Amino acid sequence: MSDTDNKPTLGRKPLGLKRSVEAGEVKQTFSHGRTNKVVVEVKRRKIVKPGQAPEAAAPAPAPAPEAAPAPVAQAAPPPAPPRPAVSTETRLEQQERLLREAEEARLAALEEANRREQEERLRAIEEEKRRAEENRKAEEEAARAAEEPAPTPEPAPQASEPVVEEAPAAPEAPAAAPAAEAPAAPAAPAVRTAAPAPAPRMFTPVVRPEPKRPEKPAAAPKTEAKPAEKSDNKPEKKREDSKKPVARGGGRDDRGGGSGGGGANAIDRRRGGKLTVNRALNEDEGARARSLAALKRAREKERRAHFSGQSQQRDKQVRDVVVPEAITVQELANRMAEKGADLVKALFKMGMMVTVNQTIDQDTAELLVTEFGHNLQRVSESDVDIDTSEDVDAEGTLKPRPPVVTIMGHVDHGKTSLLDALRGTDVVRGEAGGITQHIGAYQITTKGGDKITFLDTPGHSAFTEMRARGANVTDIVVLVVAADDGIMPQTIEAINHTKAAGVPMIVAINKCDKPEANPQRIRERLLEHEVVVEEMSGDVQDVEVSAKSKMGLDDLIEKIMLQAELLELKANPDREAEATVIEAKLDKGRGPVATVLINRGTLKTGDVFVVGTESGRVRAMIDDKGRQIKEAPPSLPVEVLGLAGVPMAGDKLTVVENEQRAREVSNYRKEKATEKRTAIAPASLDTMFSALKDKENVIEFPLVVKADVQGSVEAINNALHNLSNDEIKVRILHSGVGAITESDVTLASASGAPIIGFNVRPNAKARELIDRNKTRMMYYDVIYHLTEEIAKEMAGELGPLRIENVMGRAEVKQVFPAGKKDKAAGLLVLEGIIRKGFHARLTRNDVIVSKTVIASLRRFKEDVDEVRAGLECGVVLQDTNDIKAGDMLEVFEIEERERVL
């Protein structure tokens, strides 16, 4: 009690009958320079005298070696937490302190874990060596025991010998820790009694002792003390430690001797983040703790070092770089997964001063790719496009398909009526003017169950390209010739298209039911165009039919099937579809719609395709009877919905794998089409002057054309361009498919051009603009009405045709004055007549001097209306006095006629 009387106590007295707690003051120093004094509890350290065992170590059980680590773990239990003292820290300071203590604890735990891992690794190495030595000794003992007659009693002496030899290890341990003699003594007999127990096993305690371990007395306790200390924190290692009785005894001696200081150090390590009196008074006196920013910097540095070490160990990945004909430096760097600055640096070394946004050619890109260790794959822009010319189906995949038959001939020869008779419908009734102006596709089923696909083409002269398209996609051409009309221009054109396409022809002589029909004359006229029918020893089949009375239709179908059988028409249905656009239009409710004919493969709903410069996905398919279908096999005509725009008639439809590929091909084709449209011819002085001359002399007739289908737009454009001549030229500002929109009206109003609507009308907003701007609209539904009206419009733009008719010629014999200013010329009429008011040209030496009008005509001082050849007269010319004797006067009149283009 006298020790604590003079020491300060805590300000608040604790409840109870115990003695008061001793208190002390601790000076705290913070990173920002502030200090603080804190009252803390003073706990006296237990002093263990040399040779006296701690109280916790005395009751340690002797027989079980596994209980040896327990006294050390409980030798210094953690003291009761002191009562919290009144702190003057702010919340921010307290937070910084807690963070700092947590970081120190984390670093201490990390260091402890690394140390334990290293010790475990060293111990595993020693254990492996020891086991190898034991196995070697065991093999020697087994070999020796096999040679002796009585091997059973020999293991017992060997088990006791190592124990007796190991007995001197106890006095060697005090050299490192003298206080461990007392607990080490009972541990040795425990090992001796436990050694003989597992004698029946072959590799049992007989070979466990290590006789060579005592040769290094200084290193053995030091090496084994650390694993023994580690066993306090990890009890699961007790079983492994129990296999080393002597070595563990030495470790226990070492730790027993240091129970006063070593145990406190272990407690300090476990409580590294807490503030104690010893640390406050001795170790941390006046030291500044690490700031929070310093801890963050250290952690960031550690993280960077960790990741940089990983990146340095990572091997460089070799990539296959796809390089087009032209590519920017940045895009090439992205494909190579390299830095753009590295590529620019390499180019600078090559002598090329470029930036990352500049474009380089394929050869330069190849140098860069090779220098950085990657593989190059050259591609060109044309590789993006789809080329199906080399894609040929195997013979085993081909299956029979229906024939495609195109009906061709002159206008009003009964093509559509013949097709209606075959189909049992009445299409011609819905055609404007009774003529076909669209290309139609239909499929019929014969009485025998066979299917035939028919294409109906227009016969008007404006639809030449439609007939050519029909001949290119067909297998057989049926040439319809009216028996009462004969061979006409479009009939000859259809024969030429058929020969150019190289497809067989069947001649159908229609209207044979009329009295004036003469089929034999048709056959003879066909000889003029090298078409020899079978009746005249040729190879072209012919049949006499009548669409009205349905005569000869069965014979026509039979001849079509016979020709198809000879052709052996086959296609592969089990592949991605390819088709040809027969017709395309912009429907008000359904958007862009294309009528396509499947060439090979099967088109399915949901397929992604490219057609010309447009792309899309098949939303729906409708056959010629208006039914929705899910699949379209070869030779079936269908209407396809889901296009992004209206394609051109005749474009190829190809199914691709995904939408990205479709957009890529579509964009490439659009770029090529734009380049072709905007291509500029090489300029020269001749072309420049001729262009200026043409611009001065030629009148432009601007037009805006809108039609219902793409084929009609194409035909109208061709027909209008054919109306152009050297004096007036048609200029089509815009042509498209669909209704007339506001943009069309705005364009026409700005240029003063009329709008031609062929089977289309303006929408509501376009009608408002038309009324407001007074734009001229021209609606037609028959193409030859359109061409006639536009021809008249263009002729009216030029004005009437002026024709000069020479009436007479006269020679100037003498010049007389007539009044103050004018002069009169005495003439001798050489030929024709001269009449007052006629236009006249005065020539001198065959050079025109003036062009004037005869103002006055006299004969013998009398005014007359005309003077005939052989007579003399006097004339006064209007607005000219440059007359000399010997000049010639040519008299003519101007006749105005209606201009016809």
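Computed from heavy atoms alone, side chains included, the values below leave out hydrogens, waters and symmetry copies. Bear in mind the structure is a predicted one, so any value in this text is a computation, not a measurement.
The residues Glu133 and Arg130 are annotated as not salt-bridged, no charged nitrogen and carboxylate oxygen being separated by less than 4.0 angstrom. Under 4.0 Å is where a charged nitrogen must lie from a carboxylate oxygen, and between Glu338 and Arg335 no such pair does. Ionic pairing of Arg600 and Asp574 is not present here: no N-O contact between side-chain nitrogen and carboxylate oxygen is shorter than 4.0 angstrom. The pair Asp393-Lys570 fails the salt-bridge criterion, with no side-chain N (NZ, NE, NH1 or NH2) lying under 4.0 Å from an Asp/Glu carboxylate O. At a threshold of 4.0 Å, the pair Glu103-Arg299 counts as salt-bridged, since one of the basic side-chain nitrogens sits closer than that to a carboxylate oxygen. No salt bridge links Glu325 with Arg378; every basic N to acidic carboxylate O contact stays at or beyond 4.0 Å.
There is a side-chain donor-acceptor pair under 3.5 Å between Asn334 and Gln330. Looking at Lys652 and Thr580, their side chains do bring a donor and an acceptor atom within 3.5 Å of each other.
A donor-acceptor pair under 3.5 Å is absent between the side-chain atoms of Asp651 and the main chain of Pro647, judged by distance alone. Judged purely by atom type and a 3.5 angstrom limit, Ser666 has no side-chain atom pairing as donor or acceptor with the backbone of Ala662. Here the side chain of Ser712 pairs no donor or acceptor atom with the backbone of Asp708 at under 3.5 angstrom. In this structure a side-chain-to-backbone donor-acceptor pair under 3.5 Å is missing from Thr595 to Glu639. For the pair Asp607 (side chain) and Lys604 (backbone), a donor-acceptor distance under 3.5 Å is present. Side chain of Asp744 to main chain of Ile740: no donor-acceptor pair is present (N/O by atom type, distance under 3.5 Å, no hydrogens or angles). No side-chain donor-acceptor contact under 3.5 Å links Glu631 to the backbone of Thr602. Without hydrogens or angle criteria, Glu93 side chain to Thr90 main chain gives a donor-acceptor distance under 3.5 Å.
Rounded to the nearest 0.5 Å, atoms NZ (Lys296) and CZ (Arg303) are 13.5 Å apart. Summarising the geometry, atom CG belonging to Asp320 is positioned 10.0 Å from atom NE2 belonging to His374; distances are rounded to the nearest 0.5 Å. For the atom pair CZ of Arg661 and CZ of Phe609, the computed distance is 15.5 Å after rounding to the nearest 0.5 Å. Considering CG of Asn667 and OG of Ser615, their distance stands at 7.5 Å, rounded to 0.5 Å. To the nearest 0.5 Å, atoms CG (Leu110) and CG (Leu107) are separated by 7.0 Å. One finds the CG atom of Leu653 at 11.0 Å from the CG atom of Leu597 (value rounded to the nearest 0.5 Å).
Heavy atoms only, all atoms of each residue included: Val646 and Ala584 are closest at CG1-CB, 3.8 Å. Nearest heavy atom pair, residue Val737 against residue Lys585, reads CG1-CA, 3.4 Å.
Each of Arg115, Arg116, Arg123 was compared with Glu119 under the salt bridge (charged side-chain N to carboxylate O under 4.0 Å, His left out) criterion, and only Arg115 meets it.
For the pair Arg669/Val610, a side-chain contact is recorded, criterion being any heavy-atom separation below 4.5 Å from C-beta on. Residues Glu742 and Leu769 meet the side-chain proximity criterion, which asks for heavy atoms closer than 4.5 Å. Under the 4.5 Å side-chain criterion, counting only non-hydrogen atoms from C-beta, Leu332 is in contact with Ile360. Taking the side chain as every heavy atom from C-beta outward, Leu603 and Val655 approach each other to under 4.5 Å. At least one side-chain heavy atom of Leu636 sits under 4.5 Å from a side-chain heavy atom of Ile629. Within the 4.5 Å cutoff, side-chain heavy atoms of Lys706 are placed close to those of His734. The side-chain heavy atoms of Gln660 and Glu664, taken from C-beta on, include no pair separated by under 4.5 Å. Counting heavy atoms from C-beta on, the side chains of Arg731 and Leu733 come closer than 4.5 Å.
More than 12 heavy atoms of other residues, nucleotides or ligands sit less than 6.0 Å from atom CD of Gln358. Shown here is Glu111, whose CD atom has no more than 12 heavy atoms of other residues, nucleotides or ligands within 6.0 Å. Under a cut-off of 6.0 angstrom, the local environment of CD in Glu395 is sparse, with at most 12 non-hydrogen atoms contributed by other residues, nucleotides or ligands.
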### Task
Show your reasoning for whether side chain to side chain contact (heavy atoms under 4.5 Å, CB included) applies to Val321 and Phe372.
CA-CA 11 Å; Val321 183; Phe372 281 86; over 6 Å; no

### Task
With side chain to side chain contact (heavy atoms under 4.5 Å, CB included) as the test, would you mind laying out the steps for Val593 and Leu586 before giving the verdict?
CA-CA 6 Å; Val593 180; Leu586 183 63; over 6 Å; no

### Query
Does the pair Arg131 and Glu128 meet the rule for a salt bridge (Lys or Arg N to Asp or Glu O under 4.0 Å), with working shown?
CA-CA 5 Å; Arg131 286 180 181 176; Glu128 188 66 26; 5.1 Å; no

### Task
Carefully, step by step, assess Arg401 and Ser635 under the rule side chain to side chain donor-acceptor pair (under 3.5 Å).
CA-CA 7 Å; Arg401 64 171 178 84; Ser635 299; 3.0 Å; yes

